[in-house]
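Working notes, structure below.
Each chain gets a letter, A, B and so on, in the order the sequences are listed, and its residues count up from 1. Keep in mind the model is a prediction, meaning the values are calculated, not measured.
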There are 2 protein chains.
Amino acid sequence: MGRPKAADHGEKRKAILEKSAELFATHGYDRASVAMLARRCGMSKALFYHYYSEKSEVLFDIIRSHIEDLLAVTDGLTGKHGDDPQRDLLVMSEALLEAYRTADNKHHVQINQLHLLPRNRQKTIKDMERQLVDRFSAAIAPCVPVEARSSGLLKPITMSLFGMLNWNYLWFRDQGPLCRRDYAKLAVTMVLEGAQNARVKALKPGSNIQLHTARFG
Amino acid sequence: MGRPKAADHGEKRKAILEKSAELFATHGYDRASVAMLARRCGMSKALFYHYYSEKSEVLFDIIRSHIEDLLAVTDGLTGKHGDDPQRDLLVMSEALLEAYRTADNKHHVQINQLHLLPRNRQKTIKDMERQLVDRFSAAIAPCVPVEARSSGLLKPITMSLFGMLNWNYLWFRDQGPLCRRDYAKLAVTMVLEGAQNARVKALKPGSNIQLHTARFG
DNA sequence: CCTACCGATCGGTAGG
DNA sequence: CCTACCGATCGGTAGG
């Protein structure tokens, strides 16, 4: 029988992830040396390698645990408001932005450094990201005109919402004029009002659709 | 009199930027070695250093020239449609997305690798980015309710549009159902319809505003 | 759980 | 005396 893991093994790994995410976000993955990470965690390089045997596994675990958090806070939120799917979408978007409040470094690392992972590790992450996107797509679908669902507009609409929510780390400040819940409200309003006011003009199989809006024709 | 620079000096540097942007986007700045860049450009490392005396200057020039392109294609586009500022905004957004068509690598590098530049070089870039954002803010301002302009909503609205347009490199495919012009139309419609349907409920100095929408109260 | 190291590779520069 | 360009190798530092 191997010696059992220390009781706080998991906690130590969690602490490593937090500190490492900070250094990765600040200096970039390749420039944040393992020696630097270990020093920041108050341990030797050798002890650091006891918790993570490869540097890339630290990066992987940062992103994996972050997306797991996002999946957790957005889980089971649909159907809670009777027949008000728009409210469901708002609540999910609020939950996402709220989760970002304390995960700025991890979010930064996910966006900018995913491609530095080994291929198969990237794939695992991308599958998880797809789950999250699919969850939002499913929440958006009942809110938009049927026609949008069948013409390939659902993906552009979903990614527009993700663009707004995920881009927010570059400019949003909690000290600013808008709170997170209100920015979620603004973003969801944009997506839903925009989707209501955009129609497919022509749908020719094999070529692009043509989009019609009241404002722009 | 010093010997003049070779006639194709500027062209050679441009070719270096294209190839390097590709390698930076694929492998990341730190992993794309100068030897790799030089080989990709069909020259020795020493000749490469003749054109760029520091690796970081290549990164800087990629991002600088890219944003200069974006500033160029979005310049002088307002006031062209009489009293239709919404059309101006659409045309600017179309121009931006169209510029992204052939600049995917540079866009990727700008988004993900700006922070790897030396501090003062980062500042130069951020000032240029601010110019572009300000240009869009100025185009959006006449399209939204006056109240939005004075309550601090203009920045969130502007950044929502940038979020949608700049996020698109992660999912948009020219082979997809939507062409670039139509995605610009969709994004601008979302921003404008959303801004029309969002009102400031309470404006208390020193604290957050409260947002009101028809859908969500 | 540490210090002492390794094989490999980096960005940048030498002489000619 | 300048810039353009080569093959070879430098001092330092990375992950492990």
Side-chain angles (χ1 to χ4, degrees), chain A residues 2-13 15-17 19-63 109 113 115-121, chain B residues 1-17 19-24 26-63 109 113 115-122:
Chain A
R3 173 170 164 177
K5 293 203 167 143
D8 60 352
H9 187 87
E11 290 167 37
K12 284 255 179 70
R13 279 173 61 110
I16 289 176
L17 290 190
K19 309 264 208 286
S20 299
E22 183 194 324
L23 291 172
F24 287 164
T26 308
H27 304 280
Y29 174 77
D30 286 314
R31 296 182 186 187
S33 68
V34 174
M36 202 185 285
L37 302 182
R39 195 176 340 113
R40 181 74 180 77
C41 294
M43 52 179 78
S44 67
K45 242 178 14 165
L47 180 52
F48 187 92
Y49 272 101
H50 169 67
Y51 291 103
Y52 283 99
S53 61
E54 282 185 48
K55 189 188 182 191
S56 70
E57 281 301 292
V58 182
L59 178 58
F60 174 74
D61 217 18
I62 288 169
I63 304 178
V109 168
Q113 292 163 14
H115 70 113
L116 298 178
L117 281 177
R119 287 245 172 269
N120 59 331
R121 289 312 213 176
Chain B
M1 304 264 286
R3 173 169 166 177
K5 295 212 165 135
D8 61 352
H9 186 87
E11 288 168 37
K12 284 255 179 72
R13 280 173 61 108
K14 276 213 160 190
I16 288 175
L17 290 190
K19 309 264 208 287
S20 300
E22 183 194 325
L23 291 172
F24 287 165
T26 308
H27 303 281
Y29 174 77
D30 285 313
R31 297 183 186 185
S33 68
V34 174
M36 204 184 288
L37 303 182
R39 194 175 341 114
R40 181 76 178 76
C41 295
M43 51 179 80
S44 67
K45 233 172 35 156
L47 180 51
F48 187 93
Y49 272 103
H50 169 68
Y51 291 104
Y52 282 100
S53 61
E54 281 186 49
K55 189 188 180 189
S56 71
E57 281 300 293
V58 182
L59 178 59
F60 174 74
D61 217 18
I62 288 168
I63 304 179
V109 167
Q113 292 164 12
H115 71 113
L116 298 178
L117 281 175
R119 286 244 172 270
N120 58 332
R121 289 311 213 176
Q122 278 187 52

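- dT13(D) atom P lies 12 Å from atom CE of M36(A), rounded to whole Å.
- If you measure from atom OH of Y29(B) to atom C1' of dG11(C), you get 9 Å, rounded to the nearest angstrom.
- Atom NZ of K55(B) is separated from atom P of dC10(C) by 9 Å (rounded to the nearest Å).
- Of the side-chain N and O atoms in Y51(B), one or more sit less than 4.0 angstrom from OP1 or OP2 of dC5(D).
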Intermediate values then yes/no, side-chain contact (heavy atoms from CB on, under 4.5 Å), H115(B) and H27(A): CA-CA 8 Å; H115(B) 71 113; H27(A) 304 280; over 6 Å; no

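- A donor N or O paired with an acceptor N or O is found under 3.5 Å between the base of dG16(D) and the side-chain atoms of K45(A).
- Note: CZ (R31(B)) to P (dG15(D)) measures 10 Å, nearest angstrom.
- The phosphate of dC1(C) has neither OP1 nor OP2 within less than 4.0 Å of any side-chain N or O from S44(A).
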Passes side-chain contact (heavy atoms from CB on, under 4.5 Å), S20(B) versus F48(B)? Steps please. CA-CA 11 Å; S20(B) 300; F48(B) 187 93; 4.3 Å; yes

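- Per the geometry, CG belonging to D30(B) stands 13 Å off C1' belonging to dT9(C), to the nearest Å.
- One interatomic measurement links the two molecules: CG of L47(B) to C1' of dA8(D), which rounds to 16 Å at whole-angstrom precision.
- In this structure the side chain of L37(B) reaches within 4.5 angstrom of the side chain of F24(B), judged on heavy atoms.
- Stacking of R121(A) on the aromatic ring of F60(A) is recorded, both the 6.0 Å distance cut-off and the 45° axial limit being met.
- Side chain of K55(B) to backbone of Y29(B): a donor-acceptor contact under 3.5 angstrom is found.
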Report the secondary structure of DNA chain D in dot-bracket form, marking unpaired bases with a dot and bases paired to a different strand with |, and treating Watson-Crick or G-U pairs with both distances under 3.5 Å as paired. .....|.|.||.|.||

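- Here the side chains of E22(A) and R40(A) are in contact, with some heavy-atom distance below 4.5 Å.
- Here the C1' atom of nucleotide dT9(C) and the CZ atom of R39(B) are 13 Å apart, to the nearest Å.
- Atom NE2 in H50(A) sits about 18 Å away from atom C1' in dT3(C), given to the nearest Å.
- One distance of note links CG of L117(A) with CD of E57(A); it measures 8.5 Å at 0.5 Å rounding.
- Considering only the side chain of S33(A), dA14(D) comes nearest among dC6(D), dA14(D), dT3(C).
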